[in-house]
Undergrad: 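My structure is below; once you've seen it, I'll send some questions.
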Amino acid sequence: MKRVAILISGGGTNMVALVQSMRGDNPARATLVLSNTPDAVGLDRAATLGVPTAVVDHRAFGRDRQAFEAALLGPLQAANPDIICLAGFMRILTPGFVERFAGRILNIHPSLLPLYPGLDTYARALAAGDKEAGCTVHEVTADLDSGPILGQARVAIEPGDTADSLAARVLYQEHRLYPAVLRRFAEGDRTPLYL
Ligand code: GAR
């Protein structure tokens, strides 16, 4: 059984989709939900699902990312995960942290990478006049939003779409894509999945 820690910052809807998928013959189980914001709604959702939670408030560390990450290691090492899933986790991890868990950290990003790394992905896709948007699950490397792609799901951009309407349809696809990719990853399959 693969132990999975999920890092969140907010609502945690991807986290919920992941936790709910890790049942039955799925070779992974959620063993920790860790948030960098104490008031993340996802913490309550995780507790309701019976997953242990922890908080490391990044604001206590100012700009010292390494001190923040050293604090993250406490609950993470206690949970001893085989796989770490970033699920709406809005802090950039340093190369040192990523290397410690090399090849074992996944992230979901709301664009068709390599398009639109970083923030405001929906507005950027709309401003560019793109015909489609989507989401990507990728392995986390030291470079932001650029590790090997493990899966993508596409969404048509409709006339009249706003960033919010597009975000809602992309999020629906995220909830399909991330559990499917995580399951394959836990089974040792890193070939990309295209939904
Ligand atoms: C999701 O859309 C996710 O792709 C995005 O934040 C949202 C989190 O929603 N992540 C990023 O932008 C990462 N840079 P959730 O907390 O409900 O899963």
Side-chain angles (χ1 to χ4, degrees), residues 4-22 30 32-49 51 53-58 65 68-69 72 83-95 97-98 105-127 130 132-155 157 161-182 185 192-195:
V4 178
I6 305 172
L7 273 54
I8 64 169
S9 298
T13 66
N14 275 289
M15 175 276 297
V16 170
L18 290 173
V19 169
Q20 289 179 333
S21 73
M22 287 185 263
L32 175 68
V33 169
L34 178 53
S35 173
N36 67 296
T37 54
D39 52 358
V41 173
L43 286 167
D44 293 334
R45 292 181 166 153
T48 302
L49 289 163
V51 182
T53 62
V55 176
V56 177
D57 188 346
H58 68 278
R65 285 188 192 276
F68 166 63
E69 290 176 356
L72 282 182
I83 301 168
I84 297 174
C85 289
L86 310 185
F89 184 69
M90 302 307 277
R91 309 301 299 171
I92 292 173
L93 296 169
T94 67
F97 185 92
V98 171
I105 313 180
L106 310 187
N107 181 44
I108 188 152
H109 183 76
S111 79
L112 295 172
L113 291 172
L115 290 176
Y116 316 127
L119 300 175
D120 299 324
T121 56
Y122 318 106
R124 287 155 72 197
L126 291 171
D130 291 352
E132 58 180 6
C135 50
T136 303
V137 177
H138 64 96
E139 200 175 304
V140 173
T141 58
D143 295 323
L144 182 69
D145 296 333
S146 22
I149 289 174
L150 297 167
Q152 284 187 322
R154 308 179 99 79
V155 167
I157 293 181
D161 253 334
T162 63
D164 283 349
S165 66
L166 185 55
R169 291 208 308 288
V170 170
L171 191 63
Y172 180 82
Q173 294 300 323
E174 292 184 38
H175 298 162
R176 294 178 60 223
L177 180 69
Y178 209 174
V181 170
L182 174 60
F185 191 84
L193 172 69
Y194 294 101
L195 294 184

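As a basis for the values below, the full set of heavy atoms in this structure was taken, side chains included, without hydrogen atoms, waters or symmetry mates. In each ligand, atom 1 is the first atom listed, and ligand 1 is the first ligand listed.
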Undergrad: Donor-acceptor pair, Ser35 side chain versus Pro38 backbone, under 3.5 Å?
TA: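 Checking the backbone N and O of Pro38 against the side chain of Ser35, no donor-acceptor pair under 3.5 Å is found.
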
Undergrad: To which protein heavy atom is atom 17 (O) of ligand 1 closest, and what is the distance rounded to 0.1 Å?
TA: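 That would be Thr13 OG1, 2.6 Å.
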
Undergrad: Quick one: does Thr141's side chain get under 4.5 Å of Pro148's, heavy atoms only?
TA: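 The answer is yes, as the side chains (C-beta and beyond) meet within the 4.5 Å cut-off.
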
Undergrad: Among all protein heavy atoms, pick out the one at the shortest distance from atom 13 (C) of ligand 1; state its residue, atom name and that distance to 0.1 Å.
TA: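 Here the closest protein heavy atom is Met90 SD, 3.7 Å.
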
Undergrad: Counting N and O atoms only, with roles assigned by atom type, does the side chain of Arg124 sit under 3.5 Å from a partner on the main chain of Pro117, one being a donor and the other an acceptor?
TA: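 Checked: pair present.
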
Undergrad: Name the closest protein heavy atom to atom 8 (C) of ligand 1, giving the residue it belongs to and the distance to 0.1 Å.
TA: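 Sorting protein heavy atoms by distance from atom 8 (C) of ligand 1 puts Gly88 CA, 3.6 Å first.
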
Undergrad: Output the list of atoms in ligand 1 that are nearer than 4.0 Å to some heavy atom of Gly11, sorted by atom number.
TA: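 Near Gly11, meaning under 4.0 Å from one of its heavy atoms, ligand 1 has 16 (O).
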
Undergrad: Does only the side chain of Tyr122 get under 4.0 Å from ligand 1, or the backbone, or both, or neither? Count heavy atoms.
TA: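 Looking at Tyr122 and ligand 1, just side chain atoms fall under 4.0 Å.
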
Undergrad: Testing Gln152, His109, Glu174 for side chain to side chain donor-acceptor pair (under 3.5 Å) with Thr136, which one passes?
TA: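 Exactly one option meets the side chain to side chain donor-acceptor pair (under 3.5 Å) with Thr136, and it is Gln152.
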
Undergrad: Could you check which of Pro110, Ser111, Gly42, Gly10 puts a non-hydrogen atom nearest to atom 5 (C) of ligand 1?
TA: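 The nearest heavy atom belongs to Pro110.
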
Undergrad: Would Cys135 count as a contact residue for ligand 1, given that I'm defining contact as a non-hydrogen atom of the residue lying under 4.0 Å from a ligand atom?
TA: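 In this structure, Cys135 fails to qualify as a contact of ligand 1 - no heavy atom is under 4.0 Å.
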
Undergrad: Say whether Gly12, considering both its backbone and side-chain N or O atoms, lies within less than 3.5 Å of an N or O atom on ligand 1.
TA: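 Yes, at least one N or O pair falls under 3.5 Å.
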
Undergrad: Where do Thr13 and His175 land on the side-chain hydrogen bond (donor to acceptor under 3.5 Å, both in side chains) test, with the steps shown first?
TA: CA-CA 8 Å; Thr13 66; His175 298 162; 2.8 Å; yes

Undergrad: Does ligand 1 have any atom that is closer than 4.0 Å to a heavy atom of Ile8?
TA: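 No.
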
Undergrad: Would you confirm whether Thr48, through its side chain, and Ala46, through its main-chain N or O, come within 3.5 Å as a donor-acceptor pair?
TA: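 No; zero donor-acceptor contacts below 3.5 Å.
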
Undergrad: Check this for me - ligand 1, Glu174, N or O atoms closer than 3.5 angstrom, yes or no?
TA: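 It does: an N or O of Glu174 is found under 3.5 Å from an N or O of ligand 1.
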
Undergrad: For Phe68 and His58, take the angle between the two ring planes, folded into 0 to 90°, and tell me which bin it lands in: parallel under 30, tilted 30 to 60, perpendicular over 60.
TA: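 Aromatic pair Phe68/His58 classed perpendicular.
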
Undergrad: For Thr121, is there any backbone N or O sitting under 3.5 Å from a side-chain donor or acceptor partner on Ser111?
TA: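 Judged by distance alone, no pair lies under 3.5 Å.
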
Undergrad: Does any N or O atom in Asn14 lie less than 3.5 angstrom from one in ligand 1, N or O only?
TA: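 The answer is yes, given that Asn14 and ligand 1 share an N or O pair closer than 3.5 Å.
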
